[in-house]
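Just below is one structure, and these are the notes that go with it.
The first residue of the sequence shown is numbered 1, and numbering continues consecutively from there.
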Amino acid sequence: MADLVRRRARAFKEGAKEKLKPSGWIIPRQQSSFTEEGTWSNIDMDVTPIERRTWGPWTIFGFWFSDAMNAQSWEAPAAILAVGLTWREAIVCIVFGNLVTTIPLVLNGAIGARLHVPFPVATRASFGWYFSRFAVVVRMVTALFWHAIQTYTGSTAITQCIRAIWPSYLDIPNHLPDSAGITSQQLLSHFLFWTIQFPILLIPPHKLKWFFIFKVVVVLISCVSVVIAMTGKAGGAGGIWDQQATVFGAQRSWLILSSMSSITGGWATMATNIPDFTRYLKRENGVYWQVAFLPLIQIALGLFGIISTSASKVVYGRYIWDPLDLASQWQGPGGRAGAFFVGFTWIVAQIGTNLSANVISCANDLTSLFPKYINIRRGVILTTVTAGWVMVPWKIIYSASSLLTFMAGLGIFLAPIAAILGADFWIVKRGHVDVPALYRAHGRYRYNLMGTNWRATLAFLISVVPNIPGMASAVNSTLTDNIGGAIKIYHIFYFWGFTSAFVIYSLLSLAFPAKETLIPETISGDYIYEHEDIEGTKVLQPDGSLEPDTTEESSSDLEKKVNNSVAIHVV
């Protein structure tokens with residue numbers, strides 16, 4: 001036993017010494033890499049190995065529950081009612097906003113399910129080798145900010161759990177100045193939530209399906225329980241159902257469109273990088289279930305929020321939309337037990353949202369930018385340390401409302417990225433992609449010396465530019481009078497951004513085709529995984545199943561097929 005401890009201590013010491021040099025952080029190149037000599041890749045960027053394709057339709061259901069079931073979704077109807085609309089219109093906005101979102105989710109989700117490559121690799125087919133990095137960086141920055149915000153929101157759930165057991169926790173004296181933007185007690189809650197969340201974030205994506213299932217069960221039970229408890233206390237669902245609209249005519253119509261676009265824009269990030277997750281699907285049919293899953297989950301959570309909030313007006317004399325604020329009103333042994341369960345539920349909910357929407361995506365982005373030094377695990381660590389502490393999330397929330405508005409406005413950049421990705425795969429390339437070429441800097445998807453597809457650049461600019469004045473006005477309200485009708489375009493930023501980019505990119509690509517990128521059938525990256533043993537091989541079928549190869553093709557023949565399939569086009 002003592003020898004084992006000494007050997008491990010010696011290995012740790014040697015490993016730590018190696019990490020003092022840049023070469024000590026280099027990740028070994030994987031056997032399955034299609035990259036050119038001199039470039040790098042690793043298993044997290046390569047085509048997803050067959051043994052990691054563990055997701056099915058129910059995993060996707062749990063994934064969307066994990067992403068949608070959070071405090072922000074519970075409160076979504078509040079923003080719609082606050083502008084003067086009714087609960088009926090809030091429901092319509094939630095349903096149709098989410099249905100619109102499922103279009104890019106399905107179009108781009110199928111890319112990951114068919115090709116089994118992550119978002120940063122998939123974008124190279126449409127944006128070009130270097131311009132794709134711009135799309136990756138936009139998505140990465142968005143993920144960092146939202147991870148910071150979601151993490152700090154989770155700390156309020158920790159506060160509820162602890163105060164339910166020890167009410168004096170709320171009385172911890174504050175030793176921080178006002179300029180810190182946080183109290184000692186809040187900082188402790190943030191540290192505890194971040195510490196609990198950290199090891200869960202390190203779970204590899206292909207092993208997360210049981211966490212998603214766990215979250216579905218816990219959050220659903222909690223939501224139903226809160227609704228039952230509040231309606232029981234109020235003796236009914238309250239009077240919010242009788243609330244009348246306070247806006248009419250054209251203003252009302254624009255508010256409905258704006259609210260619907262806000263719901264849609266809330267999923268702009270996931271609609272863009274959904275291949276990061278669908279790459280783990282066993283079969284493509286799991287993608288299409290999103291059309292039913294997402295609207296149903298969102299409408300259920302929205303109704304839960306409306307009913308509980310309406311009942312809170314009867315019980316506490318005011319509308320309380322925040323579920324954690326609602327739980328803070330519960331006193332006594334039974335009330336505090338309920339508050340603890342609600343707090344625990346939203347801890348699980350926020351961790352799940354960070355996993356599915358922010359951390360894994362940002363880690364994939366970092367891996368694609370620095371594959372020699374960063375894999376998903378290291379990317380997760382960098383993401384959560386940076387977002388949780390370096391970015392000071394409590395100041396983002398309490399001191400920078402304009403920054404929050406700016407972050408929401410990043411949807412104007414994400415919408416055309418999602419549109420171009422989907423249009424390129426379905427309309428331009430008809431679903432036929434040379435997967436090994438996606439990993440080659442001088443392959444068929446380089447497009448030109450600058451590694452940029454000018455069709456994507458032009459479509460992106462036409463989509464984004466009309467939205468910039470409205471975004472500037474949202475951040476700085478003093479500009480509203482100077483931009484005129486441009487604010488209307490921003491009110492429907494996702495509809496305009498996605499539709500315009502999709503149509504323009506498709507037309508440009510059909511009128512001025514990049515012929516070197518068009519192939520008659522998909523060249524899969526699964527050749528590398530087809531070998532079962534020396535005596536036989538396995539061939540990946542279109543439905544995702546594996547069947548033995550009946551040909552007598554040798555291992556070397558298959559290797560030649562992979563190498564020969566990658567046409568090199570240096571423009």
Side-chain angles (χ1 to χ4, degrees), residues 64-65 67-103 105 153 219-220 222-224 226-228 230-231 234 236-268 270-271 290-316 318-326 346 349 353 404-405 408-409 411 474 487-488 490-495:
W64 280 119
F65 239 91
D67 198 43
M69 285 290 194
N70 55 57
Q72 287 74 21
S73 295
W74 180 282
E75 299 172 34
I80 300 174
L81 293 175
V83 297
L85 300 176
T86 67
W87 69 269
R88 295 179 184 85
E89 289 154 338
I91 297 301
V92 169
C93 290
I94 291 171
V95 171
F96 284 96
N98 283 286
L99 280 174
V100 169
T101 304
T102 60
I103 296 172
L105 282 171
T153 302
V219 176
L220 191 57
S222 177
C223 290
V224 173
V226 169
V227 170
I228 292 173
M230 289 306 301
T231 53
I240 202 171
W241 316 102
D242 300 323
Q243 181 175 315
Q244 300 298 311
T246 58
V247 291
F248 305 95
Q251 183 184 4
R252 185 178 186 179
S253 299
W254 277 107
L255 280 174
I256 291 173
L257 286 173
S258 176
S259 298
M260 200 179 298
S261 189
S262 296
I263 295 294
T264 305
W267 296 105
M270 287 304 303
Q290 295 175 123
V291 178
F293 287 160
L294 185 56
L296 284 175
I297 294 168
Q298 287 292 87
I299 194 62
L301 199 60
L303 282 173
F304 290 154
I306 290 173
I307 294 171
S308 299
T309 301
S310 180
S312 71
K313 175 70 172 177
V314 178
V315 179
Y316 304 112
R318 62 187 178 95
Y319 290 125
I320 303 177
W321 285 96
D322 185 347
L324 295 170
D325 188 12
L326 187 64
W346 294 111
T353 299
L404 285 175
T405 303
I487 192 68
K488 301 295 186 184
Y490 184 70
H491 285 166
I492 54 171
F493 74 91
Y494 198 86
F495 300 115

Give, for atom [atom1] of [X] and atom [atom2] of [Y], the distance between the pair rounded to the nearest 0.5 Å.
| X | Y | atom1 | atom2 | result |
| --- | --- | --- | --- | --- |
| N98 | Q298 | CG | CD | 4.5 Å |
| W74 | F304 | CH2 | CZ | 7.5 Å |
| I256 | R252 | CD1 | CZ | 6.0 Å |
| L85 | Q244 | CG | CD | 12.5 Å |
| Y319 | T309 | OH | OG1 | 9.0 Å |
| T246 | L81 | OG1 | CG | 10.0 Å |

Open item on the list: Side chains of I307 and M230, heavy atoms from C-beta outward: is any pair under 4.5 Å?
Closed with: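 Side-chain contact under 4.5 Å: no.
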
Of all the heavy-atom pairs spanning [X] and [Y], show the shortest one and how long it is.
| X | Y | result |
| --- | --- | --- |
| G97 | T264 | O-OG1, 3.1 Å |
| I228 | T231 | O-OG1, 3.1 Å |
| W241 | W87 | O-NE1, 3.1 Å |
| V95 | P295 | O-CB, 4.5 Å |
| V314 | G238 | CG2-CA, 3.9 Å |
| G302 | I94 | CA-CD1, 4.4 Å |

Task: Candidate pair T101 and Y494, rule side-chain contact (heavy atoms from CB on, under 4.5 Å), full reasoning - done: CA-CA 9 Å; T101 304; Y494 198 86; 5.7 Å; no

Open item on the list: Against I91, only a single residue in L303, T86, I80 fulfils side chain to side chain contact (heavy atoms under 4.5 Å, CB included); can you say which?
Closed with: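 Result: among L303, T86, I80, L303 is the only option passing the side chain to side chain contact (heavy atoms under 4.5 Å, CB included) with I91.
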
- [ ] May I have the step-by-step check of side-chain contact (heavy atoms from CB on, under 4.5 Å) for I492 and S258, ending in yes or no?
- [x] CA-CA 6 Å; I492 54 171; S258 176; over 6 Å; no

Open item on the list: Just checking F96: does its CZ atom have more than 12 heavy atoms from other residues, nucleotides or ligands closer to it than 6.0 angstrom?
Closed with: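 Incorrect, the count does not exceed 12.
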
Task: With sequence neighbours excluded, residues passing salt bridge (charged side-chain N to carboxylate O under 4.0 Å, His left out) with R88 - done: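 None.
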
Task: Backbone N/O of I240 and side chain of S310: donor-acceptor pair under 3.5 Å - done: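 Checked: pair present.
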
- [ ] Tell me, please, which residues at least two apart from I320 pass side-chain contact (heavy atoms from CB on, under 4.5 Å).
- [x]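 Only S312, Y316, R318, D325, L326, Q329 meet the side-chain contact (heavy atoms from CB on, under 4.5 Å) criterion with I320.
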
